[in-house]
Every structure is written in C-alpha cells, then in structure tokens.
There are 2 protein chains.
Amino acid sequence: MYNLESIEQRLAEQGYRITPSRLAVVEATLEHSGHFSVDDILGRLPGVGRATVFRTMKLLSQMGILCRVLLENGSLRYRVSHRRDHHHHLVCVSCGSVEELDACIAAGAIDNLARSTGYDIEGHWLEFYGRCGPCRSGEA
Amino acid sequence: MYNLESIEQRLAEQGYRITPSRLAVVEATLEHSGHFSVDDILGRLPGVGRATVFRTMKLLSQMGILCRVLLENGSLRYRVSHRRDHHHHLVCVSCGSVEELDACIAAGAIDNLARSTGYDIEGHWLEFYGRCGPCRSGEA
DNA sequence: TAGACTAATGATACCAAGTCTCAATTGCCC
DNA sequence: GGGCAATTGAGACTTGGTATCATTAGTCTA
Ligand SMILES: [Mn+2]
Ligand SMILES: [Mn+2]
Ligand SMILES: [Zn+2]
Ligand SMILES: [Zn+2]
C-alpha cells in the first residue's frame with residue numbers, strides 16, 4: 001500500500017528534507033510484514049546512526065505510516081500501518097504477524113465507565129494476542 | 001485491605017523465607033495508593049539491593065498482591081491490587097490514582113474477533129486513562 | 001549554479017527498567 | 001547451635017530510548 005516514492009513525497013510536502021538516512025529507514029521498515037524493533041532496522045543499516053533511526057521512526061509514527069504495537073510482556077514494537085484512524089491490533093504470538101482491527105470495542109464502554117467512575121476518560125490501550133490460523137495448523 | 005502481617009503469613013505459607021529486605025519492600029509498597037515504579041521503592045530503601053527489589057516485586061506480582069499497570073506512554077508501573085482475578089485499570093493521568101475495574105469489556109468481543117479473524121485469542125492488554133473527579137475540580 | 005541558512009546527522013554520553021552472576025550471608029528446621 | 005538451601009546485593013550487562021552538540025548537507029533564493 002505504501003511505497004518509497006509516496007512516502008518520500010509526503011515527507012517533502014510536509015517540509016521534511018529527503019536524506020539518504022531517512023530513505024534508508026523507510027525502505028527498511030517497508031520490508032517487514034509483522035512487527036519489528038528499532039534494533040531490527042538498525043541491524044540492517046549499519047551506516048545510519050542510532051539516534052537517526054529512532055528519530056525517523058518517531059517521525060513516521062507521527063505521520064501515521066508506522067504504528068506502535070504493544071507486546072504481551074509490555075515491550076513496544078513498530079509496524080507499517082494501513083490505517084490512519086484509531087485502531088487496535090491482534091498479534092500472533094507465534095509468527096509475529098499483526099492484524100489491524102477496524103472497530104474499537106472500547107468506544108461503547110467508555111461512556112458507561114465515565115459515568116460510573118466520575119473520571120473523564122481520555123485514552124486507552126488495547127491489544128489482543130493469539131495464534132493465527134496458519135500457525136495453529138502448521139504445528140498441529 | 002492488605003497489611004504487613006497477612007502478607008508475611010502468606011509468604012511463609014508458600015515456603016518463602018521472611019527476610020528484612022522482603023518485609024521492607026512489602027512495607028514500602030503498601031504505603032503507595034497510586035502506581036509506583038521499582039525505583040520509587042528503591043529510593044526509599046537505600047539498604048536494599050536493586051536486584052532484590054525487582055525480585056520481590058516480581059514475587060508479589062505472581063502472588064497477586066501487586067499488579068502491573070501500563071501507562072499511556074508504554075512504561076510499566078506497579079500497584080497494590082485488591083483483585084486477584086482478571087481485571088483492568090483506569091489511571092488518572094494527573095494524580096496517578098488507579099481504579100481497578102470489575103468487568104472485562106473485552107471478554108464479549110473476543111469470540112467475534114476469533115471468528116472473524118481465524119485467530120485463537122489467548123490474551124489482551126486493556127488500560128484506560130483519564131482524569132479523576134477530584135483532579136478535574138481541583139484545577140477548574 | 002553558488003551561497004546561505006537551517007534541518008538533519010551521528011558520535012557519544014546518558015537514562016530507565018530490568019536481568020544475570022556469583023560469592024557471601026542468613027532463615028529455617030532439626 | 002549447626003547444616004544447608006534460599007536469599008542477598010554488588011556490579012556488570014542488556015534493551016529501548018533521549019539529550020547534546022559539532023559537523024554535514026538539503027533546499028531555497030538570487
Ligand atoms: Mn496499527
Ligand atoms: Mn490491578
Ligand atoms: Zn480503541
Ligand atoms: Zn480483559
């Protein structure tokens with residue numbers, strides 16, 4: 001859905017400079033289908049500085065091109081996103097593939113929760129973990 | 001709901017030794033009403049080693065006395081738990097107080113999700129963030 | 001097409017949270 | 001009180017991420 005050229009164009013439109021390091025990071029992230037860490041990218045790009053990889057991935061996250069995926073143990077990963085609005089993930093704990101879910105099941109509950117607790121509810125985290133079909137049948 | 005003596009007793013029942021360091025960590029956690037980090041505890045207990053604080057808080061978590069609270073930025077905190085079964089949290093981003101919620105709003109959605117995605121869903125993270133009543137009125 | 005100007009880079013130090021190792025200590029049970 | 005395994009804590013290490021800052025290099029303008 002994304003390619004290097006379209007992202008390059010969006011970066012330029014928003015006033016960001018097109019640098020070899022940025023493009024290298026974009027290219028490396030586009031190669032991943034599941035979730036990945038910053039160090040996965042770093043490992044493939046020995047010429048690019050650590051800080052630059054972090055900065056670029058933060059920038060891509062802010063632009064909605066990447067999103068952060070929370071793993072079961074609490075650590076954070078990244079993945080190329082195909083949704084720019086609020087959504088959640090279903091992560092396969094076996095192969096790492098990630099489904100982006102369309103409906104936010106928390107939305108309906110938030111009003112009730114606000115009423116019953118007296119809180120003003122501003123945000124939430126929600127991620128699901130499981131095993132995808134291929135992984136289940138592949139192991140039998 | 002918990003006090004030092006009852007926890008000491010549970011530790012002994014389960015075959016754990018009662019040591020000054022353990023009791024100091026337990027005592028320090030019981031003083032907190034909201035969420036806290038391991039370093040919050042460490043800071044109050046200069047005589048206790050870093051590894052021991054981590055080990056003790058992990059042990060208390062396994063026993064259901066503490067639970068892990070996920071913050072909005074993805075970092076993990078701890079809090080004294082009053083529920084031993086599956087539950088989620090509503091965290092005040094202003095004062096840090098934590099409500100433990102009784103119903104799991106994800107439970108109902110999981111069957112649908114499993115059917116529509118073909119995943120076997122084994123777990124989830126869910127946390128809510130907001131501002132509690134006192135914090136909202138206190139700031140006007 | 002050459003500056004100029006500013007954004008971006010990357011080496012490096014730092015930080016936060018947590019694990020690992022291992023020799024020394026100490027609860028616990030007899 | 002003694003034996004022994006559980007526990008401790010100093011310290012090195014890991015992972016994920018931020019702050020600093022001198023140097024480099026895109027981009028815009030003339
Ligand atoms: Mn996503
Ligand atoms: Mn809890
Ligand atoms: Zn949602
Ligand atoms: Zn739940």
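Just so it is clear, the values below take in all heavy atoms, side chains as well, and ignore hydrogens, waters and symmetry mates. Chain naming here is simple, since letters A, B, ... match the order of the sequence lines and numbering starts at 1 in each.
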**Study point:** Side-chain donor-acceptor contact under 3.5 Å, Glu13(A) with Gln9(A)
**Key:** yes
Point to revise | Exercise: do Ser75(A) and Asn73(A) side chains pair donor with acceptor under 3.5 Å | key: yes
Practice item. Would you list the pairs meeting ring-ring contact (aromatic ring centres under 6.0 Å, His included) in which at least one residue belongs to residues 13-35 of chain A, sequence neighbours left out? Key: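 Matches after skipping sequence neighbours: His32(A)-Phe36(A).
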Output a table of nitrogen or oxygen pairs between the protein and nucleotides 23-26 of chain D separated by less than 3.5 Å.
unit_1	atom_1	unit_2	atom_2	d
dG26(D)	N2	Arg17(A)	NH2	2.9
dG26(D)	N3	Arg17(A)	NH1	3.4

Exercise for review: Identify the residue among His124(B), Glu100(B), Glu127(B) that makes a side chain to side chain donor-acceptor pair (under 3.5 Å) with His88(B).
Suggested key: His124(B)
Practice item. Output the distance between atom CG (Leu66(A)) and atom CZ (Arg77(A)), rounded to the nearest 0.5 Å. Key: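 If I round to the nearest 0.5 Å, the distance is 14.0 Å.
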Review point. Heavy-atom contacts under 4.0 Å between residues 36-51 of chain B and DNA chain C, which residues?
Key: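 Hits under 4.0 Å, by residue number: Val38(B), Asp39(B), Arg50(B), Ala51(B).
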**Study point:** Sorted by number, the residues of residues 52-80 of chain B with heavy-atom contact under 4.0 Å to DNA chain D
**Key:**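 Per residue number, the list reads Thr52(B), Arg55(B).
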Within-4.5 Å side-chain heavy-atom neighbours: [X] and [Y]:
| X | Y | answer |
| --- | --- | --- |
| Arg22(B) | Thr19(B) | yes |
| Arg68(A) | Tyr78(A) | yes |
| Leu90(B) | Val98(B) | no |
| Glu99(A) | Tyr119(B) | yes |

**Study point:** Minimum heavy-atom distance Leu101(B)-His87(B), with the two atoms named
**Key:** O-CB, 3.3 Å
Exercise for review: Apply side chain to side chain donor-acceptor pair (under 3.5 Å) to the pair Tyr2(A) and Thr29(A), showing each step before the final yes or no.
Suggested key: CA-CA 11 Å; Tyr2(A) 285 120; Thr29(A) 63; over 6 Å; no
**Study point:** Covered region of DNA chain C, 5' end to 3' end, by chain B [heavy atoms, under 4.0 Å]
**Key:** dA17(C) to dC28(C)
Under 3.5 Å, which donor-acceptor pairs do the side chains of residues 53-61 of chain B form with other protein atoms, sequence neighbours left out?
unit_1	atom_1	unit_2	atom_2	d
Arg55(B)	NH2	Thr52(B)	OG1	3.3
Thr56(B)	OG1	Thr52(B)	O	2.7
Ser61(B)	OG	Met57(B)	O	2.8

